[in-house]
Each structure stands twice: as C-alpha cells, then as structure tokens.
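Have a look at the structure below, then the notes.
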Amino acid sequence: MDFSQQLTEQIKGMERLIDAESGAILFRHPSLRGIPDLVVEGDGYQLEFIGSTLLCLDIQDPVAIARLLAEPVKSQLPVGV
C-alpha cells in the first residue's frame, strides 16, 4: 500500500467538523492526541502527523483545494472545454 492509500484509509476513520460560515473542514483523528512531529502546509490546507499517522487535515480554503485538484484534470481536457 502506497502513502496516498494509507492516508485515504486513515481519513475514513476520522471525525469531520465543518465550519458553516467559512466552509473550513477539519478531519481529526478521534483518539490521537499530542503535538505533531511533522506539519505540512499548502495553499488552503495543513496536514499534521504523529509518526506516520495523520493527526489532522485542516482545509481552511476549500476553493483553493478544488483549484489544486483541478489542475491535473485541466491538462487532460480537450481544448475549448
């Protein structure tokens, strides 16, 4: 199982909290507590890890994430779409 598959599996068991005003989404490990060993920040998101376990995924800007995910798809669309 590669790293992206591991993250996908971990996210399935996480609590999901949504801020109705801002649209921010927080996925949080339900039983893991502590200070993260690693924090990865990107455009509109932050991942926090303890060891190889995902502690939380904080999506502050869902629109930025959508743009990020759309980039690889755009290159495969026919011209004019």
Side-chain angles (χ1 to χ4, degrees):
M1 182 180 304
D2 69 9
F3 188 64
S4 64
Q5 289 173 323
Q6 289 175 356
L7 287 178
T8 300
E9 287 301 313
Q10 288 183 35
I11 287 175
K12 287 180 184 177
M14 297 182 116
E15 293 178 318
R16 285 176 228 153
L17 305 167
I18 299 173
D19 184 316
E21 288 183 28
S22 69
I25 305 165
L26 176 67
F27 292 88
R28 190 178 72 79
H29 194 287
S31 62
L32 198 58
R33 303 281 185 267
I35 297 174
D37 301 325
L38 173 66
V39 177
V40 178
E41 294 185 48
D43 186 18
Y45 69 92
Q46 179 173 314
L47 296 158
E48 297 181 5
F49 294 89
I50 293 180
S52 63
T53 303
L54 182 61
L55 175 64
C56 74
L57 165 58
D58 186 5
I59 301 173
Q60 302 101 1
D61 187 354
V63 173
I65 296 295
R67 279 193 306 265
L68 178 70
L69 296 174
E71 283 306 313
V73 174
K74 283 186 201 176
S75 65
Q76 296 179 27
L77 293 174
V79 175
V81 176

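Both L69 and L47 are members of a single hydrophobic cluster when ILVMFWY side chains are connected at heavy-atom separations under 4.5 Å. Follow the hydrophobic side-chain contacts under 4.5 Å out from F49 and you reach I59 in the same cluster. I65 is connected to I11 through a chain of hydrophobic side-chain contacts under 4.5 Å among Ile, Leu, Val, Met, Phe, Trp and Tyr, so both are in one cluster. Transitive grouping of hydrophobic side chains (ILVMFWY, heavy atoms separated by less than 4.5 Å) brings L57 and V40 into a common cluster.
Applying side-chain contact (heavy atoms from CB on, under 4.5 Å) to C56 and the options I50, L26, L17 leaves one that passes, L26.
The shortest heavy-atom contact between G44 and A64 is CA-CB, 4.3 Å. Of all the heavy atoms in E15 and P30, the pair that sits closest is CG-CB, 4.0 Å.
In this structure, CD on E41 lies 8.5 Å from CD on E48, to the nearest 0.5 angstrom. Distance check, rounded to the nearest 0.5 Å: CG of L68 to CG of D61 gives 11.0 Å. In this structure, CE in M14 is found 6.0 Å from NE2 in H29, a value given to the nearest 0.5 Å.
Looking at D58, its side chain never comes within 3.5 Å of a backbone N or O of Q46 through a donor-acceptor pair. With hydrogens and angles ignored, the 3.5 Å screen pairs no side-chain donor or acceptor of E9 with any backbone N or O of Q6.
Using a 4.5 Å heavy-atom threshold, the side chains of F27 and L54 count as separate.
Remark: R16 CZ is loosely packed, at most 12 non-hydrogen atoms of other residues, nucleotides or ligands lying under 6.0 Å away.
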